[in-house]
Amino acid sequence: MKCTDKNRKRSRRELRRRKVRRTIFLSLFLVIVVLAGALSIMMFQKDRALDEVLPYSLQTEVFGKSGDDTAQVAEGMAYNLCVASGDISLEGITPQNSERSALLDVDGKQVMFSQSMFEKTYPASITKLMTAILALEHGNMNDVVTIEEEDVTLEEGAQLCGFRAGDKVSMDELLHGLLVYSGNDAAMAIARQVGGSVDAFVQMMNEEALRLGATGTHFVNPHGLHDPDHYTTAYDIYLMLNEAITYKEFTAISQMSSYTLTYQKANGEKGRIALEATDKYLTGEISTPKDVTILGGKTGTTSQAGACLAIVSQNAYGKPYISIVLNAKTKTILYDQMTSLLQKINS
């Protein structure tokens, strides 16, 4: 009888041990399942994050900084741009040693040709692309601006529309003077109106350059008259022109061959100024290749920058291209080189 009781007690203890072991085993199993599930979720999220196109940040990618960089981020920036890392040759194009030049297929996101595209250069009046962008982005074309003495007192030989201090000109007319005739007085008046002061406007220009990814650019004025600290690259000019053509007003004005500007003189009389385009393709002095249409762009010339031209054009099928030639020694060389590039867009 005593042995039977002992056996029963031993059996109950063994049964309890088995239950405890099963409980421990089951708990460990559940913990392993939960951990494995959590790890799988983390790996899935990591893989998905790696597949996403992240915004391009100038702070982190260029300057190696973190923090609030909302003013310097172009979301998915390279996604919709032509990108290249160096010179690209193109059959039939023989560039001069001094030139910075490029031909870019806007829709195809392809750099077809480039020479010294990332090298520092002086932009001359191609600077006015950025002035026009900010005028269209922040200005009111109906605003009337009073011309000041500083707008017209620039270096000798500077291209001027012909305003005098006290004249009243609308922003729309100033933009025409800026893009058709490359008037430096128009650039100064626009800068004061949009920025509050020329210095504040120049700061806006540099901020906008960073926003566009034009990290090889630094501006010190709104017109492009020479300053050793006022520079850009051919690729940065592509970025600016690519932005400018998103404004229909820009292309409508910059492809005009001439324009008659109207304004109110300081004495109250109505003034009229006949302006002729600085682009020889638009005036007909130079012929474009067959089936090539000029949609807009900007010229520039100083002794330090040489002869410069950046244009957007389309081929026989309506496809847009951007072509840039900078630092040509003469305008003849400039247009010869540009025509060679334009001939390739229908090839």
Any donor-acceptor N/O pair, [X] side chain to [Y] backbone, under 3.5 Å:
X      : Y      : answer
Asn206 : Gln203 : no
Lys168 : Gly166 : no
Lys128 : Gly300 : no
Asp105 : Gln110 : no
Thr339 : Asp336 : no
Asn184 : Gln159 : yes
Asp185 : Cys161 : yes
Arg100 : Ser98  : yes
Ser257 : Ala277 : no
Ser114 : Ile88  : yes

Which residues end up grouped with Leu103 if you chain together Ile, Leu, Val, Met, Phe, Trp and Tyr wherever their side-chain heavy atoms are less than 4.5 Å apart? Leu90, Ile93, Met112, Phe113, Tyr281, Leu282, Ile286, Val292, Ile294, Leu309, Ile311, Tyr321, Val325, Leu334, Tyr335, Met338, Leu341, Leu342, Ile345
Connected-component partners of Val144 among ILVMFWY, side-chain separation under 4.5 Å: none
Among residues two or more places apart or on two chains, list those pairs meeting ring pair (Phe, Tyr, Trp, His ring centres under 6.0 Å) that have a residue in residues 152-187.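 Pairs touching residues 152-187 that pass the test: Phe163-Tyr263, His176-Tyr259.
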Can you list everything that forms a side-chain contact (heavy atoms from CB on, under 4.5 Å) with [X]? Sequence neighbours excluded, please.
X      : value
Ala266 : Asp167
Thr251 : Ile245, Gln255
Tyr231 : Lys120, Tyr122, His218, Asp229
Thr293 : Leu295, Gln314

Would you name the heavy atoms of [X] and [Y] that are closest together and state the gap between them?
X      : Y      : result
Gly177 : Leu275 : CA-CD1, 3.8 Å
Met130 : Ala209 : CE-N, 3.7 Å
Gly213 : Asp236 : O-OD1, 4.3 Å
Val198 : Met188 : CG2-CE, 4.0 Å
Ile237 : Ala310 : CG2-CB, 3.7 Å

In Å, rounded to the nearest 0.5 Å, how long is the span from CD of Glu137 to OG1 of Thr246?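 Interatomic distance, Glu137 CD to Thr246 OG1, rounded to 0.5 Å: 9.0 Å.
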Taking only residues two or more places apart in sequence, or in another chain, which ones meet [X] in a side-chain hydrogen bond (donor to acceptor under 3.5 Å, both in side chains)?
X      : value
Gln193 : Asp143
Thr262 : Glu173
Thr121 : Asn327

Run the side-chain contact (heavy atoms from CB on, under 4.5 Å) check on Thr283 and Glu276 step by step: do they pass? CA-CA 8 Å; Thr283 60; Glu276 186 174 75; 3.8 Å; yes
Joint hydrophobic cluster, [X] plus [Y], side-chain heavy atoms closer than 4.5 Å:
X      : Y      : answer
Ile273 : Ile190 : yes
Met256 : Val169 : yes
Leu160 : Val145 : yes
Tyr247 : Val180 : yes

Is there side-chain contact between Glu249 and Met141, with heavy atoms separated by less than 4.5 Å? no
Please indicate whether Glu155 has more than 12 foreign heavy atoms, meaning atoms of other residues, nucleotides or ligands, lying under 6.0 Å from its CD.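 Enclosed: over 12 neighbouring heavy atoms sit under 6.0 Å from CD of Glu155.
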Looking just at side-chain N and O atoms, do Lys298 and Thr127 make a donor-acceptor pair shorter than 3.5 Å? no
Does a side chain donor of either Ser182 or Ser125 reach within less than 3.5 Å of an acceptor in the other side chain? yes
Ion pair check, Arg211 and Glu243, cut-off under 4.0 Å: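 A salt bridge is present here (some side-chain N lies under 4.0 Å from a carboxylate O).
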Does the side-chain contact (heavy atoms from CB on, under 4.5 Å) test come out yes or no for Ile133 and Phe250, once each step is laid out? CA-CA 8 Å; Ile133 289 169; Phe250 173 83; over 6 Å; no
List for me each residue that meets ring-ring contact (aromatic ring centres under 6.0 Å, His included) alongside His223, sequence neighbours excluded, and say none if there are none. none
Tell me every residue that passes ring-ring contact (aromatic ring centres under 6.0 Å, His included) with Tyr238, counting only those two or more places apart in sequence or in another chain.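 Scan of Tyr238 (ring-ring contact (aromatic ring centres under 6.0 Å, His included), adjacent residues dropped) gives Tyr235.
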